[in-house]
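Both counts, for ligands and for their atoms, begin at 1 and track the order of listing.
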Amino acid sequence: MISITVEHLSKAFGDTQALDDVSLEIEAGEIFFLLGPSGCGKTTLIRTLAGFYQPDAGRVLFDGEDVTKAPPHKRQTAMMFQSYALWPHFTVAKNIAFGLEELKLPKVEIEGRVQEMLEMVRLDGLGKRSINALSGGQQQRVALARALAVRPRCLFLDEPLSNLDAKLRLEMREEIRSLCREYGLTAIYVTHDQKEALSIADRMAILEGGRLAQVGTPPEVYRTPHSPSVAEFIGETNFIGGMVTRVDGRMAEVDTDLGHFEGVVADPEWEPQVSELVVIAIRPESLTLCDAPTDGVNAIDGHIERSVYLGEIAQYDLRVSDGSSIRLSELNPSIVRDPGKAWQHAQARKEDVIILKAPPGAVETRTP
Ligand code: ATP
């Protein structure tokens, strides 16, 4: 297992700055996720780390050793792609053995490792099968076995599960996580699936326009996003515009069209000032419906315009006094409240109210 250091990495394709001064420290044995909207630079970063792209500027270090100019096969890493890239005319065993034959290992060792990998991915006994005679999940396991057979120092996974159905994805998530742990692999993982990232990652980086927007553990990024765009990208969020009335260390108070809010200043690099325009972010699950009117702080009142039963949660859209809509969700609902004109009261705890710097161009009046 190796640590990876990324120093001021930049890469452009023509006029597109795919990576813009990205610096990162990935610890040995860490499962590190790259997330962000389409085109933000995830694939460019993982391919640069794997050696398929040369950066325009910056360095990549494996365990402190500069590998920026080393070709992919000299990096002792393995990559698993979205399309399995298996050879359909080869057997399972032959597919797994391929990288080992390239390394010119003795035949007996290759056979031993293929057997070990087949057991590891629970395909023991299927070595002689043709790839075409396997299910999608089994093919995915062969791809994983092939990647791990060469005993890489680091595993790069680019959307490895996107061709699988929901149930198989869940299974494979667990499998990838436990295999990375068992083999002590450093893994860099690109996905569009937030649940996949939240459930497997030790830490994650959110990229925006080729730059790092935030790096942290899943709870850090989900619970304390540093910007509206990160809050919006991971999970669902209600945003309410307002103005700061008081600052007390990492807590602040904000007046909005919907009332008075008290919450946490999430971005450690930012110190809000009294009278500064800000955005409040509250997750739907942080708002609790109350039967009686609340004490007014962190409270949102409105009538239910839409209610949806989703099994584990009931989801409500409240139409609030300024005409905008606020979403809230109730876990383990025994009843689902119907839409109607009756006034409902919801409230959030102050540790669940996140105060964020308003994006450039924010105006004082809140727009629904
Ligand atoms: P997605 O989630 O859609 O896969 P991504 O975050 O992986 O996107 P990249 O594939 O890294 O994004 O692309 C970053 C930017 O660089 C995009 O604007 C993309 O169009 C551009 N880009 C990537 N590869 C090339 C290339 N070979 N030639 C020209 N432009 C490219």
Side-chain angles (χ1 to χ4, degrees), residues 4-26 30-60 67-72 75 77-85 136 140 143-144 147 154-166 169 172-173 176 186-216 218 221-222 225-237 359:
I4 299 178
T5 308
V6 174
E7 284 180 358
H8 303 289
L9 221 52
S10 290
K11 170 87 184 161
F13 296 102
D15 293 340
T16 308
Q17 195 65 42
L19 294 176
D20 186 4
D21 197 20
V22 172
S23 295
L24 262 181
E25 281 289 342
I26 298 164
E30 204 170 18
I31 304 180
F32 193 93
F33 271 65
L34 301 175
L35 286 167
S38 187
C40 69
K42 304 178 290 292
T43 299
T44 307
L45 180 54
I46 203 169
R47 288 183 159 256
T48 308
L49 296 181
F52 295 108
Y53 289 154
Q54 273 296 306
D56 301 331
R59 299 198 305 163
V60 178
V67 295
T68 319
K69 298 219 158 22
R75 297 190 184 202
T77 59
M79 189 138 184
M80 191 170 156
F81 296 99
Q82 175 170 359
S83 54
Y84 318 120
Q140 200 71 26
L144 189 59
C154 177
L155 181 61
F156 297 112
L157 302 129
D158 192 353
E159 295 274 359
L161 307 183
S162 56
N163 289 341
L164 302 183
D165 67 38
R169 285 177 83 114
M172 286 301 293
R173 266 187 208 170
I176 288 179
T186 309
I188 318 289
Y189 197 128
V190 167
T191 185
H192 281 103
D193 184 332
Q194 300 167 19
K195 289 256 160 59
E196 203 161 290
L198 291 169
S199 63
I200 315 181
D202 291 317
R203 285 191 308 147
M204 50 172 73
I206 314 290
L207 284 154
E208 272 172 33
R211 298 185 74 94
L212 280 185
Q214 190 167 345
V215 179
V221 175
Y222 187 83
H226 293 176
S227 65
S229 52
V230 171
E232 196 166 32
F233 182 75
I234 293 262
E236 253 188 292
T237 313

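Qualifying salt bridge (charged side-chain N to carboxylate O under 4.0 Å, His left out) partners for Asp56, counting only residues two or more places apart in sequence or in other chains: none. For Tyr189, the ring pair (Phe, Tyr, Trp, His ring centres under 6.0 Å) criterion is met by Phe33, not counting sequence neighbours.
Taking a heavy-atom cut-off of under 4.0 Å, ligand 1 is surrounded by Phe13, Thr16, Ala18, Pro37, Ser38, Gly39, Cys40, Gly41, Lys42, Thr43, Thr44, His192.
The backbone N or O of Thr68 lies less than 3.5 Å from a partner atom in the side chain of Arg75, making a donor-acceptor pair. Although no hydrogens or angles enter the test, the distance criterion places a donor-acceptor pair under 3.5 Å between the side chain of Gln214 and the main chain of His226.
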Exercise answer: donor-acceptor pairs, residues 35-49 side-chain atoms, under 3.5 Å, sequence neighbours excluded:
| unit_1 | atom_1 | unit_2 | atom_2 | d |
| --- | --- | --- | --- | --- |
| Lys42 | NZ | Gly36 | O | 2.8 |
| Lys42 | NZ | Pro37 | O | 3.3 |
| Thr48 | OG1 | Thr44 | O | 2.5 |

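A 4.5 Å side-chain heavy-atom check between Pro225 and Ile234 finds every atom pair outside the cut-off.
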